[in-house]
Amino acid sequence: MDISLRQLSLFDDFSQSSRAFFRVHETVKVKEVKDNPEIYEYRKYYFSHVIGKKGVVQKVDGQSVLVGIGDESIIFDAQELEWVA
């Protein structure tokens, strides 16, 4: 039995409505999440320069998505991202 343990973050959301699936190498765009005050304030304060930017998915772990934007790799919650064709 493979059990993965990891530290919970303020971005963990276990509701079924927030389930989104991204694949590695897909292009995504970072969107503002105003309906989640914790995420909104965190992004606004620390990473406001990436809101509205496009990036490439590098890794997916449940709701956590590692995205490469320029020379940065940033972990996002899936609800902060939208798929770009």
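When a residue number appears, it is its place in the shown sequence, counting from 1. No experiment lies behind these values; they were computed from the predicted model shown.
- Atoms CZ and CD, from F22 and Q58 in turn, are 14.5 Å apart once rounded to the nearest 0.5 Å.
- With sequence neighbours excluded, the residues satisfying side-chain contact (heavy atoms from CB on, under 4.5 Å) with Y40 are E32, K34, K44.
- Shown here are the ring-ring contact (aromatic ring centres under 6.0 Å, His included) partners of Y45, two or more places apart in sequence or in another chain: there are none.
- Distance CD1/I39 to CD/E80: 5.0 Å, rounded to 0.5 Å.
- Shortest non-hydrogen contact noted between V56 and H25 is CG1-CA, 3.7 Å.
- A heavy-atom distance below 4.5 Å is found between the side chains of V30 and L81.
- Results of the side chain to side chain contact (heavy atoms under 4.5 Å, CB included) test with L66 over I74, I75, V60 single out I75 as the only residue that passes.
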Could you walk me through whether V33 and R43 pass the side-chain contact (heavy atoms from CB on, under 4.5 Å) check? CA-CA 9 Å; V33 181; R43 287 292 169 219; over 6 Å; no

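- Closest approach of H49 to E72, counting heavy atoms only: NE2-OE1, 2.9 Å.
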Start with the C-alpha distance between F76 and I69, add both sets of side-chain angles, then the distance that settles side-chain contact (heavy atoms from CB on, under 4.5 Å), and finish with yes or no. CA-CA 11 Å; F76 292 93; I69 300 174; 4.0 Å; yes

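- At a threshold of 4.5 Å between side-chain heavy atoms, the hydrophobic network of Ile, Leu, Val, Met, Phe, Trp and Tyr places V65 and V24 in two separate groups.
- In this view, V84 and T27, K29, K54 satisfy the side-chain contact (heavy atoms from CB on, under 4.5 Å) rule, not counting sequence neighbours.
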